[in-house]
Amino acid sequence: MRALRRGWLRFRAHRAAVAAGLLVAVLAIAAAFAPLVAPADPLAQPDPVALQNQPPSAAHLLGTDRFSRDVLSRIVYGARVSLGVGAAAALLAVTVGALVGLAAGLASPAVDQLLMRSVDVALALPRVFLILLVLALWENAPPWVVVLLIALTGWFQTSRVVRALVLRLRESEFVQAARALGSGRPGLVRRHLLPHLAPTIIVSATLDVGNIILLESGLSYLGLGIRPPAPSWGNMIQDGKDQLFSAPWVAAAPGLALLVTVVAFNLFGDGLQAAFDPRDRR
Amino acid sequence: MLTYLLRRLALALATTAAVVTITFALVHLAPGEPFVAGAEDRFVPPETVARLRERFGLDRPLGVQFARYAANLAHGDLGESFARHRPVAAVLAESLPNTLLLGATALVLSLLFGIGLGIAQATRAGTWADSALGALALACYSVPAFWLGLMLLLVFGEWLHWLPVSGMADVTLRVPMDGLRHALDVGRHLVLPALTLALVNGAAVARFHRAAMIEALGADFVRAARARGLGERRVVLRHALRSALAPAITLAGLSVPALLTGSVLVESVFGWPGMGRVAYEAIFARDYNVITAVAVVAGVLVAVGNLLADLGVAAADPRVRRA
């Protein structure tokens with residue numbers, strides 16, 4: 001845990017990353033309290049004829065879409081999807097990756113080789129194609145299936161990194177000493193390995209969230225991720241695509257929300273990485 | 001070198017086999033059938049459905065179907081498209097070149113953009129210019145490609161009228177166009193989709209290249225080159241750049257499959273008649289043979305990308321060649 005605290009002290013020095021972390025927190029709070037934050041009901045269609053495709057105004061800060069729904073409110077609710085899917089899939093992926101990496105690093109060389117060669121193959125699988133395929137074949141998949149698919153195709157890199165770290169730690173003197181003193185495998189993992197793996201796992205999860213949010217938005221844009229009328233930033237862009245030239249704000253606004261959110265996660269992750277990296281002293 | 005090639009080949013074969021098997025299993029286990037009696041608005045009599053199923057071997061047990069597919073594939077036969085009533089190879093021959101044209105253009109542009117940005121940042125490391133360019137790279141790295149495509153379309157196609165908004169060639173001009181005019185026309189249609197992919201992909205290259213360049217610029221051999229009185233331009237572009245190229249090239253090679261199969265989204269934004277669109281339509285039509293063929297192509301592309309990356313690194317860095 002001392003590594004974590006030292007990391008935190010160094011992280012505070014990266015101002016942009018701290019700002020990004022705060023932004024992530026604000027977004028998460030806005031998503032959690034969406035009914036209080038959003039100015040209107042994201043599904044309400046007050047007047048689909050007179051109020052459709054209204055440009056941004058005082059009444060509708062980001063305008064309305066072709067069903068007269070308030071774009072800003074839909075973005076606030078859409079944050080639930082993006083952040084929820086991103087966080088859930090990233091946590092799941094990193095957990096699986098860390099477990100496989102630990103198993104490979106501690107197992108016999110034969111098992112290790114088997115696992116890592118499988119990971120080599122899995123890393124080369126066309127991820128987007130396979131996810132698209134499953135979502136298109138089993139139509140109307142619920143959101144948790146999207147999360148599961150993204151997570152199950154997203155843990156390979158983490159498992160490699162964790163395994164490499166475990167192999168290095170296993171030969172280090174303090175682990176050898178703990179072993180010599182009779183520490184069993186569960187205790188070894190919990191007390192000696194995990195604290196050293198934690199920074200890597202946290203960084204990996206944070207950077208994953210950004211990528212997963214982008215992936216989910218792409219799936220929803222193709223009509224395969226989160227289905228309308230429930231708002232997700234991806235399907236909002238799809239909604240806005242048809243009147244891109246006449247009402248550009250409908251597609252532009254959710255894309256900007258995506259951009260800002262993903263930038264925040266990437267900056268936050270970069271900051272954490274720099275803070276935990278012992279080579280980066282400043 | 002030989003062991004290296006054999007290992008690569010083994011990995012490529014394993015990957016392709018895995019993709020094909022997974023894809024085959026998924027399409028056959030999924031709900032939905034390619035031939036359905038009374039499908040959509042036309043009425044297809046059950047006898048016809050039975051005949052079609054028999055003709056394409058869909059009435060056989062799944063294991064038999066898979067064995068037959070694998071045997072045909074080994075002979076280079078991809079089968080026939082159910083929906084298009086043509087050999088799958090012919091369908092791919094039509095769309096794959098378009099995807100390759102877009103992907104290759106995007107790859108070259110993303111290398112130029114990424115390496116250029118990396119050099120520009122590294123030579124100004126720590127200044128405000130480095131931060132500004134870094135922010136640009138971060139934004140391009142974090143933007144959804146399909147949305148960036150839509151915004152470029154809006155600005156350059158609709159507002160400025162500089163470039164065409166969709167398709168690969170101007171349909172109204174197709175008949176009287178000669179070779180050169182046609183090529184120019186395709187080039188104009190290519191600009192926006194290629195730029196979209198290159199900005200997103202190049203930003204990832206730039207992030208790695210900046211770090212590699214900074215390390216190279218601080219290395220002893222660069223100080224030695226400076227001490228010999230070489231001009232800064234030559235030091236940066238000939239000495240430092242060459243030793244720092246490996247991560248950029250590796251990353252670009254690894255992004256080959258993503259550029260080609262992951263460009264479904266960008267192809268759909270720009271109406272580019274590529275493989276992504278074929279795959280998308282095939283999935284919804286339950287056109288099994290076309291879907292699996294796309295998986296085969298994807299597996300091969302991954303292998304090609306990895307190989308290109310390794311060859312590129314070896315070409316740039318003599319230390320790798322000896323290993």
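Each chain gets a letter, A, B and so on, in the order the sequences are listed, and its residues count up from 1.
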Could you tell me which portion of Thr23(B) (side chain, backbone, both or neither) has an atom closer than 4.5 angstrom to a non-hydrogen atom of chain A?
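Its backbone and side chain both get close to chain A.
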Under 4.5 Å heavy-atom distance to chain A, tell me which part of Ala12(B) shows up: side chain, backbone, both or neither.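 For Ala12(B), no heavy atom lies under 4.5 Å from chain A.
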Among [options], single out the residue with the greatest number of heavy-atom pairs under 4.5 Å to chain B.
| options | answer |
| --- | --- |
| Ala252(A), Ala122(A), Ala251(A), Gly240(A) | Ala252(A) |
| Val260(A), Leu267(A), Asn266(A) | Asn266(A) |
| Thr261(A), Leu259(A), Leu130(A) | Leu259(A) |
| Leu258(A), Ile213(A), Leu214(A), Asp270(A) | Leu214(A) |

Phe129(A) and Val294(B): which non-hydrogen atoms are nearest, and at how many Å?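 Taking every non-hydrogen atom into account, CE1-CG1, 3.6 Å.
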**Message:** I need the minimum non-hydrogen distance between Leu153(B) and Phe245(A), along with the two atoms involved.
**Reply:**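 Result for this residue pair: O-CE2, 4.3 Å.
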Worksheet entry | Results of ring-ring contact (aromatic ring centres under 6.0 Å, His included) for Tyr280(B) - residues two or more places apart only |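 So Tyr280(B) forms a ring-ring contact (aromatic ring centres under 6.0 Å, His included) with Phe284(B).
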**Prompt:** Who among Ala279(B), Gly299(B), Ala18(B), Ala295(B) has the most heavy-atom pairs with chain A under 4.5 Å?
**Reply:**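 When all of Ala279(B), Gly299(B), Ala18(B), Ala295(B) are compared, Ala295(B) has the most.
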- Task: Write out, in numerical order, the residues from residues 134-141 of chain A with a heavy atom short of 4.5 Å from a heavy atom in chain B.
- Result: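 The list, in residue order, reads Val134(A), Ala136(A), Leu137(A), Trp138(A), Glu139(A).
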- [ ] Could you please state which residues from residues 113-121 of chain A sit under 4.5 angstrom from chain B, measuring non-hydrogen atom to non-hydrogen atom, sorted by number, or 'none'?
- [x]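 Asp120(A), Val121(A), listed by number.
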- Query: Are Leu133(A) and Ile22(B) close enough that some pair of their side-chain heavy atoms sits under 4.5 Å apart?
  - Reply: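 Result no, sub-4.5 Å side-chain heavy-atom pair not found.
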Can you check whether anything in residues 136-149 of chain B gets within less than 4.5 Å of chain A, heavy-atom wise, and list it by number?
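The list, in residue order, reads Leu138(B), Ala139(B), Tyr141(B), Ser142(B), Val143(B), Pro144(B), Phe146(B), Trp147(B).
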Pick one of side chain, backbone, both or neither for Leu215(A), based on which atoms fall under 4.5 Å of a heavy atom in chain B.
->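 Neither the backbone nor the side chain of Leu215(A) comes within 4.5 Å of chain B.
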Under the criterion side-chain contact (heavy atoms from CB on, under 4.5 Å), I'd like the reasoning laid out for Leu150(B) against Tyr221(A): C-alpha separation, chi angles, the key distance, then a yes or no. CA-CA 12 Å; Leu150(B) 286 174; Tyr221(A) 173 77; 4.2 Å; yes
With a cut-off of 6.0 Å (strictly less than), are more than 12 heavy atoms of other residues, nucleotides or ligands near CD of Glu215(B)?
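No, the 6.0 Å shell around CD holds no more than 12 heavy atoms from other groups.
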### Message
For the CZ atom on Phe208(B), are there more than 12 heavy atoms of other groups (residues, nucleotides or ligands in this structure) within a distance under 6.0 Å?
### Response
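Result for CZ/Phe208(B): open.
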Would you compute the distance between atom CG of Leu224(A) and atom CD1 of Ile283(B) and round it to the nearest 0.5 angstrom?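 Those atoms lie 8.0 Å apart.
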Take Leu265(B) and Val128(A) through the side-chain contact (heavy atoms from CB on, under 4.5 Å) test and state the conclusion after the steps. CA-CA 10 Å; Leu265(B) 284 156; Val128(A) 177; 5.8 Å; no
